[in-house]
Amino acid sequence: MTVTRSIVRGVGGYLPQRILTNKELAQRVDTTDEWIVQRTGISQRHIAADGEFTSDLAVRAAEKALARAGVSIAGIDLIIVATTTPDMTFPATATLVQKKLGMHHGFALDLQAVCSGFVYAMATADSYLKNGMARRALVIGAETFSRILDWEDRTTCVLFGDGAGAIVLEAVDLADGAADQGVLGSRLRSDGRQWDKLYVDGGVSSTGTIGHVRMQGREVFKHAVGMISDVIEDVLSETGYTSAQLNWFVPHQANLRIINGVGKKMGIPASKVVVTVDRHANTSAASVPLALETAVLDGRIKSGDLVMLEAMGGGFTWGATLIRWTD
Ligand code: UT7
């Protein structure tokens with residue numbers, strides 16, 4: 001008997017060149033570096049240049065992931081781009097990424113789950129790989145969130161940034177006894193009743209405009225720790241692991257206080273938690289793969305490690321994925 005598993009082959013990330021510090025932001029809106037650092041842990045964010053689109057960020061991250069995986073684009077047959085900030089209303093940004101990478105086979109699609117996008121995309125790619133729809137996937141989270149911010153609203157504009165991250169996942173058939181590799185389990189959740197806690201006040205079918213991010217921050221915060229902990233517990237019990245067995249916890253990078261709250265609730269020591277929110281703020285669907293890339297490149301995450309990913313965002317959407325790292 002063999003079991004098909006989605007194995008991680010490589011990870012890549014990209015942050016635009018322009019850095020916007022808290023101090024610079026404090027010259028634009030009524031805020032301070034101290035407030036932002038204390039309440040969120042954020043020190044700076046990256047902002048895409050004029051003419052630099054979500055697909056461009058995605059391509060830069062994908063190229064790094066492919067190079068580290070030692071896989072050419074000819075070896076990929078599925079691209080999923082998780083994004084809330086597509087280049088255009090249509091076609092899917094994933095098809096533009098496909099074109100820019102020179103891939104003319106397979107299929108490509110966008111996935112919209114806001115900040116939970118990457119975890120949703122990992123679970124989706126894992127399902128496609130397991131059922132034979134594809135053999136090697138590029139899973140990308142990419143955002144130019146700066147384009148949907150209201151730069152006069154201090155309650156939101158200080159929180160977000162632009163960036164992209166990518167993973168190469170490959171379907172591998174493993175003997176039953178050797179199946180403890182790659183994506184071990186995922187749990188996705190959503191609750192549309194909470195849509196107005198975090199949303200964009202425009203859209204194709206409603207206003208015909210792009211709109212700006214609106215958020216009841218305190219409400220989101222209130223729900224976050226409990227919802228995230230619940231899905232992590234679900235994934236752990238489904239896969240038969242405990243939080244004590246995790247080598248690394250790679251959470252969505254939105255707010256250091258939420259990250260610490262989940263870590264505490266799950267009994268995960270701070271030394272096992274990957275934090276990059278200080279450097280790039282909340283990059284929505286890009287935040288988890290950007291944090292992953294950091295911890296892989298600096299040698300923390302190694303082959304064989306048990307890694308828990310989680311995210312939560314607008315909708316509400318939330319989810320977690322457990323991976324036995326193989327990169
Ligand atoms: O992926 C999911 C994405 N979203 C999130 O994860 C966000 C979740 N929420 C949060 O991270 C936090 O709720 C925030 C960081 C957004 C806010 O932190 P908070 O501790 O919940 O603050 P608050 O909203 O309760 O506001 C406290 C005070 C308010 O003033 P008053 O009413 O007490 O006088 C705000 O007006 O801080 C004020 N405030 C600011 N002050 C300086 C709000 N934004 C700012 C700001 N600078 N940028």
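Worth saying up front: this structure is predicted, and the values here are computed from it rather than measured. All values below were derived from every heavy atom in this structure, side-chain atoms included, with hydrogens, water molecules and symmetry-related copies excluded.
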Are any side-chain N or O atoms of [X] and backbone N or O atoms of [Y], one a donor and one an acceptor, separated by less than 3.5 Å?
X      : Y      : value
Gln44  : Lys23  : no
Arg136 : Val168 : no
Asp191 : Arg193 : yes
Asn247 : Leu306 : yes
Lys272 : Leu246 : yes
Trp248 : Lys302 : no
Thr93  : Asp87  : yes
Thr317 : Ala113 : yes

Give a yes-or-no answer on whether the side chains of [X] and [Y] include a donor-acceptor pair shorter than 3.5 Å.
X     : Y      : answer
Asp77 : Tyr128 : no
Thr54 : Thr144 : yes
Thr83 : Glu143 : yes

Looking only at heavy atoms, which two atoms of [X] and [Y] are closest? And how far apart?
X      : Y      : answer
Pro251 : Ile259 : CG-CG2, 3.6 Å
Ile140 : Ala166 : CG1-CB, 3.9 Å
Asp110 : Ala94  : OD1-N, 2.7 Å
His105 : Met103 : O-CE, 3.2 Å
Thr31  : Ala26  : O-CB, 3.3 Å

Nearest 0.5 Å, please: how far is [atom2] in [Y] from [atom1] in [X]?
X      : Y      : atom1 : atom2 : result
Gln253 : Ile42  : CD    : CD1   : 10.0 Å
Ile79  : Phe107 : CD1   : CZ    : 10.5 Å
Ile232 : Asp230 : CD1   : CG    : 9.5 Å
Glu293 : Tyr14  : CD    : OH    : 12.5 Å
Ser55  : Met88  : OG    : CE    : 7.5 Å
Leu15  : Asp162 : CG    : CG    : 9.0 Å

Original post:
Phe249 and Leu292: same hydrophobic cluster, using ILVMFWY side-chain contacts below 4.5 Å?
Top reply: no
Original post:
Are Trp318 and Val213 joined in one hydrophobic group, where the rule is that I, L, V, M, F, W and Y side chains link up if heavy atoms are under 4.5 Å apart?
Top reply: yes
[X], [atom1]: over 12 other non-hydrogen atoms inside 6.0 angstrom:
X      : atom1 : result
Arg60  : CZ    : no
Glu152 : CD    : no
Ile210 : CD1   : no

Please determine if [X] and [Y] form a salt bridge, counting it only when a charged side-chain N lies under 4.0 Å from a carboxylate O.
X      : Y      : result
Asp150 : Arg214 : yes
Asp173 : Arg135 : yes
Asp56  : Lys100 : yes
Arg18  : Glu52  : no

**OP:** Start with the C-alpha gap between Arg324 and Tyr241, add the side-chain angles, then the distance that decides, and say whether side-chain contact (heavy atoms from CB on, under 4.5 Å) holds.
**Re:** CA-CA 11 Å; Arg324 176 73 69 187; Tyr241 289 96; 3.3 Å; yes
Original post:
Can you list the steps and then say if Phe316 with Ser116 is a side-chain contact (heavy atoms from CB on, under 4.5 Å)?
Top reply: CA-CA 9 Å; Phe316 289 147; Ser116 311; over 6 Å; no
**OP:** Apply side-chain contact (heavy atoms from CB on, under 4.5 Å) to the pair Arg45 and Arg279, showing each step before the final yes or no.
**Re:** CA-CA 6 Å; Arg45 69 286 297 139; Arg279 303 176 212 173; over 6 Å; no
**OP:** Classify the angle between the aromatic ring planes of Phe145 and Phe160 as parallel (below 30°), tilted (30 to 60°) or perpendicular (above 60°).
**Re:**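 Ring orientation, 0 to 90° scale: parallel.
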**OP:** Assess whether side-chain contact (heavy atoms from CB on, under 4.5 Å) is satisfied between Met266 and Val262, documenting all intermediate values.
**Re:** CA-CA 6 Å; Met266 297 306 304; Val262 175; 4.1 Å; yes
